[in-house]
Q: 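One structure, pasted below without further comment.
Positions are given from 1, in the same order as the sequence printed here. Keep in mind that this is a model prediction, so the values were computed, not measured. Reckoned from all heavy atoms, side chains included, excluding hydrogens, waters and symmetry mates.
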Amino acid sequence: ERTGELSAKIGVLSEEVSDHVSAEDQAKARLKTLRSEELLLKAELRRCSRDERPGYRAALRNTAEEVKNCQRDIRDARRNAAKLARDMRRASSSLKKQEQGVKAAVMSDETLRAQHEGSQKRILEQRQRSIEASAKSEETEAAMQSLKDQLRMVEERDAASQMDKLEAEAALKEATQQLNQARRTARSIGRTWSLWPWR
């Protein structure tokens, strides 16, 4: 049975229990009255004349029969109320279990939703970190490429400077050699000039 049906059933059972309890109370009140009437009839029977005794005895029999009926009504009302109370307790227990099940399902759903939201949050955070790491990697790679370009330019300048140095050294060496050769030639010409007779 569904929760709504159980709640309605419990309401009906509660009203029926109340009706049987009321019936029992009414039967008890009626029994009390009959007991009082029975005592009065017995008292009258002891005081009445012989001719009146059959009437009082008949009245006592009727009262005794009504007493039995009241006692039966009390037992039936009590038994029915007890049975309905048991049914109501079972229905209440079933309703409580269903409510606990619904509550557990709601809590489980909320837990799953929270876990899902947490997973989504972690995924977004991981994605953000991945994007940041990728951007940082690209930035680092660009910086490294820039450094490599700068280093290559420096090396090229160094190579050019080294080439200029070597060329300058070669030119200096050649100029030195030419100077030495010129000096040797000048000295040789000087010696030859000093040997001429017409000098």
Side-chain angles (χ1 to χ4, degrees), residues 1-21 81-199:
E1 291 178 304
R2 297 180 179 178
T3 302
E5 294 175 352
L6 283 172
S7 297
K9 182 178 180 179
I10 290 171
V12 172
L13 289 172
S14 178
E15 292 179 358
E16 291 180 355
V17 168
S18 297
D19 292 341
H20 285 293
V21 170
K83 180 180 180 300
L84 291 170
R86 288 193 298 270
D87 293 341
M88 188 169 66
R89 284 194 297 271
R90 283 194 292 267
S92 297
S93 178
S94 297
L95 178 60
K96 185 176 180 180
K97 289 179 180 179
Q98 286 194 8
E99 289 176 344
Q100 291 175 345
V102 170
K103 185 177 180 180
V106 170
M107 291 178 65
S108 177
D109 183 63
E110 291 177 351
T111 301
L112 289 174
R113 188 181 297 111
Q115 290 176 349
H116 177 69
E117 291 175 354
S119 297
Q120 290 290 338
K121 183 178 180 181
R122 286 193 296 272
I123 290 172
L124 290 174
E125 289 176 350
Q126 290 175 356
R127 185 175 300 172
Q128 182 65 29
R129 286 195 296 269
S130 177
I131 292 172
E132 292 175 354
S134 178
K136 187 174 181 180
S137 176
E138 292 177 357
E139 181 180 346
T140 302
E141 185 176 353
M144 289 182 65
Q145 186 61 43
S146 177
L147 289 173
K148 287 179 180 179
D149 293 340
Q150 292 178 14
L151 180 59
R152 187 175 62 255
M153 292 174 64
V154 170
E155 288 175 348
E156 289 175 354
R157 286 197 300 269
D158 289 344
S161 298
Q162 186 67 24
M163 183 63 68
D164 292 342
K165 181 180 179 181
L166 291 174
E167 289 177 355
E169 288 178 351
L172 178 60
K173 182 177 181 180
E174 184 178 358
T176 302
Q177 289 176 351
Q178 290 176 357
L179 178 59
N180 291 334
Q181 182 64 36
R183 287 176 179 175
R184 284 194 299 271
T185 301
R187 285 195 297 271
S188 176
I189 293 173
R191 285 194 300 272
T192 303
W193 179 262
S194 62
L195 294 174
W196 285 1
W198 57 82
R199 183 177 177 267

Q: Name all residues meeting the side-chain contact (heavy atoms from CB on, under 4.5 Å) criterion together with Gln100; count only those two or more places apart in sequence or in a different chain, and write none if there are none.
A: Lys96
Q: Restricting to pairs with a member in residues 11-20, which pass side-chain hydrogen bond (donor to acceptor under 3.5 Å, both in side chains), not counting sequence neighbours?
A: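 Sorted pair list comes back empty.
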Q: Can you tell me which residue among Arg89, Lys83, Met88 is in a side-chain contact (heavy atoms from CB on, under 4.5 Å) with Leu13?
A: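 Single pass found, and it is Met88.
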Q: Could you grab the distance from atom CD of Glu99 to atom OG of Ser7, nearest 0.5 Å is fine?
A: 6.5 Å
Q: Taking salt bridge (Lys or Arg N to Asp or Glu O under 4.0 Å) as the definition, give me every residue that meets it alongside Lys97, ordered by chain and number, with sequence neighbours left out.
A: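 Lys97: no salt bridge (Lys or Arg N to Asp or Glu O under 4.0 Å) contacts found.
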Q: Between atom CD of Gln181 and atom CZ of Arg184, what is the distance when rounded to the nearest 0.5 Å?
A: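 These two atoms lie 4.5 Å from each other.
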Q: To check you understand the geometry: which heavy-atom pair defines the closest contact between Leu95 and Ile10, and what is its length?
A: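 Answer, listing the atom of Leu95 first, then Ile10: CD2-CD1, 3.7 Å.
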Q: Val17 and Ala81: which non-hydrogen atoms are nearest, and at how many Å?
A: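 Closest pair (atom of Val17, atom of Ala81, distance): CG2-O, 3.9 Å.
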Q: Who passes salt bridge (Lys or Arg N to Asp or Glu O under 4.0 Å) against Arg90, sequence neighbours left out?
A: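 With neighbours one apart ignored, the set is Asp87.
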